[in-house]
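Structure first, commentary second.
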Amino acid sequence: MSDSLERLYQAVLAAKDLDPATSRTARLFQRGPSKMAKKLAEEAIEVVIDAVNGKTDAVVRESADLLYNLTVLWASAGVRPEDVWNEMGRREHMLGIAEKLPKAVKPAKSTLPKAPATPEVRRRIVALESRLRKQR
């Protein structure tokens with residue numbers, strides 16, 4: 001599988017500077033990371049919907065679209081498939097192949113008094129559609 005994604009990645013790199021009128025990949029690069037992220041999210045949602053509805057053939061087709069759009073976003077972000085494989089290898093070494101790293105490790109309970117709580121700073125979530133409108 002990694003060979004197929006590597007070939008796809010190389011094809012994406014080769015197509016990114018083609019004429020956007022004839023190349024979907026070049027068009028995505030021209031429109032920028034926000035459009036790429038939106039397309040990736042749309043494909044992921046389609047995979048989920050088809051999987052929930054038991055449409056195996058559609059899951060296969062939409063998964064191929066999802067991988068294509070993920071590869072385009074990787075190329076735009078300067079991420080190589082090898083970088084992802086290395087991270088997967090690191091995780092497998094730590095936790096086993098099927099595990100995902102926890103977001104945060106909870107510290108062991110302490111008998112010391114707790115420090116006063118400080119408000120957690122959160123990043124604002126902005127819908128992609130609103131960003132696209134602002135860019136126009």
Side-chain angles (χ1 to χ4, degrees):
M1 179 179 91
S2 62
D3 289 345
S4 295
L5 283 174
E6 180 62 37
R7 286 193 310 276
L8 176 59
Y9 182 79
Q10 293 304 321
V12 164
L13 291 178
K16 74 179 193 169
D17 295 320
L18 296 176
D19 181 3
T22 58
S23 168
R24 177 175 181 72
T25 302
R27 199 165 34 257
L28 284 168
F29 272 92
Q30 182 183 51
R31 292 179 179 167
S34 292
K35 182 64 173 179
M36 292 173 189
K38 181 181 175 195
K39 291 301 295 176
L40 180 65
E42 287 172 4
E43 297 302 340
I45 290 167
E46 289 174 5
V47 169
V48 169
I49 290 169
D50 290 333
V52 168
N53 290 327
K55 297 180 178 177
T56 305
D57 291 344
V59 170
V60 170
R61 288 189 305 274
E62 296 301 336
S63 292
D65 290 346
L66 178 64
L67 289 171
Y68 162 76
N69 282 286
L70 177 61
T71 304
V72 170
L73 194 62
W74 283 351
S76 173
V79 173
R80 300 167 301 153
E82 176 184 331
D83 300 329
V84 178
W85 309 151
N86 289 340
E87 174 61 12
M88 290 176 69
R90 186 182 73 81
R91 291 179 183 198
E92 179 181 5
H93 178 72
M94 291 176 61
L95 300 169
I97 192 67
E99 294 297 327
K100 180 179 178 213
L101 291 175
K103 292 291 182 190
V105 176
K106 292 183 181 181
K109 290 192 177 190
S110 171
T111 57
L112 298 174
K114 290 185 178 180
T118 56
E120 185 178 311
V121 177
R122 293 183 162 235
R123 292 188 300 185
R124 200 176 83 179
I125 298 174
V126 179
L128 291 174
E129 282 295 320
S130 64
R131 284 189 179 178
L132 290 173
R133 279 189 219 114
K134 287 179 185 177
Q135 290 177 350
R136 291 180 188 156

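The figures that follow rest on heavy atoms only: side chains count, while hydrogens, waters and symmetry mates do not.
- Summarising the geometry, atom CD belonging to E46 is positioned 10.5 Å from atom OG belonging to S63; distances are rounded to the nearest 0.5 Å.
- With hydrogens and angles disregarded, no donor-acceptor distance shorter than 3.5 Å links the side chain of D50 to the backbone of V47.
- In terms of modelled atom types and a separation under 3.5 Å, the side chain of T22 and the main chain of D19 share a donor-acceptor contact.
- With Y9 contributing its side chain and V72 its backbone, the two residues share no donor-acceptor pair below 3.5 Å.
- Here the CG-CG distance, from L70 to L5, works out to 8.0 Å after rounding to the nearest 0.5 Å.
- Using a 4.5 Å cut-off on side-chain heavy atoms (C-beta onward), M36 and R31 make no contact.
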request  = Could you check R24 against Y68 for side-chain contact (heavy atoms from CB on, under 4.5 Å), going step by step and ending with a plain yes or no?
outcome  = CA-CA 11 Å; R24 177 175 181 72; Y68 162 76; 3.9 Å; yes

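- A distance of 14.5 Å separates NZ in K39 from OG in S34, rounded to the nearest 0.5 Å.
- The minimum heavy-atom distance linking L13 with A75 is given by the pair CD2-CB, 3.9 Å.
- Between F29 and D17 there is no side-chain heavy-atom pair separated by less than 4.5 Å.
- With contacts defined as side-chain heavy-atom distances shorter than 4.5 Å, the pair T25/L18 does not qualify.
- Rounding to the nearest 0.5 Å gives a distance of 10.0 Å between CD1 of I45 and CG of L40.
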Side chains of residues 52-59: which donor-acceptor partners sit under 3.5 Å, not counting sequence neighbours?
residue	atom	partner	partner atom	Å
N53	ND2	I49	O	3.2

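- Once rounded to the nearest 0.5 Å, the distance linking CD of E42 with CD of E62 reads 10.5 Å.
- Atoms CD and CG, from E43 and L67 in turn, are 10.5 Å apart once rounded to the nearest 0.5 Å.
- Residue P33 comes nearest to S76 through the heavy atom pair CG-OG, 4.0 Å, listed as atom of the first residue, atom of the second, then distance.
- For D65, the side-chain hydrogen bond (donor to acceptor under 3.5 Å, both in side chains) criterion is met by no residue, not counting sequence neighbours.
- Between Q30 and P20 the shortest heavy-atom distance is OE1-CB, 3.5 Å.
- In this structure, the side-chain hydrogen bond (donor to acceptor under 3.5 Å, both in side chains) partners of Q10, at least two apart in sequence or on a different chain, are E6.
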